[in-house]
2 protein chains.
Amino acid sequence: MAEIPSKGERTKERIVQAALELFRRDGYEATTMRAVADAAGVSLGNAYYYFASKDLLLQAFYQEVHEAHAAAAVPVLERQKTLKARLLGVMRAKLEAIAPYRHFSALMFKSAADPKSPLSPFHPALATIRREGEQLFAEVLRGTRMPKDLAAELPALLWTYSMGIVLYWIHDDSPDSARTKKLIEHSVELVVGCIQLAANPLLRPLRRRTLQLLKDLQFGAAT
Amino acid sequence: MAEIPSKGERTKERIVQAALELFRRDGYEATTMRAVADAAGVSLGNAYYYFASKDLLLQAFYQEVHEAHAAAAVPVLERQKTLKARLLGVMRAKLEAIAPYRHFSALMFKSAADPKSPLSPFHPALATIRREGEQLFAEVLRGTRMPKDLAAELPALLWTYSMGIVLYWIHDDSPDSARTKKLIEHSVELVVGCIQLAANPLLRPLRRRTLQLLKDLQFGAAT
DNA sequence: GTCTATAACCGGATAGAC
DNA sequence: GTCTATCCGGTTATAGAC
C-alpha cells in the first residue's frame, strides 16, 4: 500500500482529473478526447495510451459517485435501527448522491445493456464497484435477524433493486423527482415486507426453492 | 389506405431494405451509412434526407421482430386456453422471435436507457410498437376473468415483464439460452400466481391501492 | 417544395516514429 | 511513454435538379 506513484501513474491521474472536470462542466458527449488531452497537458495519442476508449474514463466517475453514496449512508446507518428505516435512508441517500449526475447514470445503463461493454456492472473492470455496492446493502441488513441462506443472497438482490430505482429515476421528469421518491417510499415498504415474510420459518421450503432458483439464474454459475 | 407509394416513399423503402440486409449480414456497427446508401443506390446525403440518423434505421428492424413474434403467437393463442399456458407459449415465442437478433435487442436497451433517444420505447416514435406489444399481452389475458381495474393495467405490466426477460437474455450466455428458458418457466408461474391472487375479491383494497400507485408512477400522468 | 448529390466537418480511434 | 499524422465513419452544409 501507499506506493510512490510512478511517472505513468501521475500522468494517468492527471488525465482522469481533467476528464472529471470537463465532464462535469460540459457533459460527457460535449467533452472531446482532444479537450481532455489538452487539459491534462498530454497529446491525444498519449491519452489513448492510458485509456483505450473515452468511456473508460467514466469508470473514475462511477467510483466517485459510489463513494459519495457510501459516505452519505454512514450517518443513516449509525442512527437508524429498524430495517425499514435503514433501507429507506440508504435509498434516499442514493438518490441524493446521484442527483447531480442523471446524465452519467443514463450512460451507465447504456453500457450495462451491452454485456461486452467495459462499463457494464457485470464486466470484471466494474465488479469491484458492484461488490462495494452490495457491501453497503449488507450493512443495511446488519442487525436484522434472518436465516443464513437468505442473508447470503439479499445484498445482491437489494443492489439490483436499487439499480431498478435508478433506472426509473433516469426517466422520471417529475419536478424534484417526486415520482421516484414516491416509488422509493412504497417499494421499500414492499421489500421489507417481503424480507420479513421470507424470514418466517414456516416459509422455509418456498424460500429455499426460490433462493435455489436465484442461484441457478446467476451468470457466474454453471448451468 | 393502400396509397400508391410516391417516388420518395419507394426510395425510402429501398434504403430500409438495404439497411436491413446489411445489418443482418454484417451487424449494426460494421455497416456504414455509406454502404447502406450504396446498396440502396442513393448518395450518402440522400440517405440522410430520409433517415436523420443511423439508428433510426433500426426502427424498421424492431417492427419486423415484433411482427414475427405476433405471428408466432397466433397458433399458441388459438390452441391454449389456460392463462398459464397462453403466457408461457407467448413468452417462448418471444424468445424464439428475438433469438437471431441478440445484438439488436442489446442495442434497443442501450437506447432505452436514454430517455431522449428515438429508440427508447418511451419515445413517441416507438410508442406504436410498444402498444402493439401490449396488445399482444391483452390477447393473452382474453378469457381470463378478472376485475376491470386489474385488466386495464395488466397488459402494460406484462409487456414490462417481457422486457425484463429480454434484458436477462441479452446477458445470458448459457448454451441454448438455457438459463433464460428456466427463468421464463419459473417466472410465468410466479406471474400467473400473482394475477390469480390479485383477482381474489378479498384482496380488493390492496389491489386498488397497488394499482393506484402504479398509475401514479406512470410517466404520462400528472404528479 | 421535393429530391438528390458532392464536399466538407468533426471527433473517436489507430499507426508508427522517436 | 510520448508525440504527430492519419484514418474512418457519422453527420452536416449547401448547391443544384426535378
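Judged as a salt bridge (Lys or Arg N to Asp or Glu O under 4.0 Å), and not counting sequence neighbours, the contacts of A:Arg24 are A:Glu64. In terms of the salt bridge (Lys or Arg N to Asp or Glu O under 4.0 Å) criterion, residue partners of B:Arg130 (sequence neighbours excluded) are, by chain and number, B:Glu134.
For C:dT2, the OP1/OP2 oxygens have no side-chain nitrogen or oxygen of B:Ser6 closer than 4.0 Å. The side chain of A:Asn46 places an N or O atom within less than 4.0 Å of a non-bridging phosphate oxygen (OP1 or OP2) of D:dC3.
Here C:dC3 presents its C1' atom at 12 Å from CZ of B:Arg14, a figure rounded to the nearest Å. The CZ-C1' distance, from A:Phe51 to D:dT2, rounds to 16 Å in whole Å. Atom pair A:Tyr49:OH and D:dG1:C1' shows a separation of 5 Å (rounding to whole Å applied). For the pair B:Asp26 CG and D:dG9 P, the computed distance is 12 Å after rounding to whole Å. Rounded to whole Å, atom C1' of D:dC3 lies 13 Å from atom CG of A:Asp38. Atom OH of B:Tyr50 is separated from atom C1' of C:dA5 by 13 Å (rounded to the nearest Å).
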Check: Could you write nucleotides 9-18 of chain C as a row of B, S and -, 5' to 3', where a protein heavy atom under 4.0 Å of any base atom gives B, of only sugar-phosphate atoms gives S, and otherwise -?
Finding: --BBBB----
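Among residues at least two apart or in separate chains, side chain to side chain donor-acceptor pair (under 3.5 Å) pairs with a member in residues 28-47 of chain A are A:Glu29-A:His103.
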Check: residues 89-100 of chain A side-chain donor-acceptor pairs under 3.5 Å, at least two apart:
| from | atom 1 | to | atom 2 | distance (Å) |
| --- | --- | --- | --- | --- |
| A:Arg92 | NE | A:Glu185 | OE2 | 3.4 |
| A:Arg92 | NH2 | A:Glu185 | OE1 | 3.1 |
| A:Arg92 | NH2 | A:Glu185 | OE2 | 3.2 |

Which donor-acceptor pairs under 3.5 Å do the side chains of residues 105-112 of chain B make with protein atoms, sequence neighbours left out?
| from | atom 1 | to | atom 2 | distance (Å) |
| --- | --- | --- | --- | --- |
| B:Ser105 | OG | B:Tyr101 | O | 3.2 |
| B:Ser111 | OG | B:Leu107 | O | 2.8 |
| B:Ser111 | OG | B:Met108 | O | 3.3 |

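Using a 4.0 Å cut-off between a side-chain N of Lys or Arg and a carboxylate O of Asp or Glu, B:Lys182 and A:Asp216 qualify as a salt bridge.
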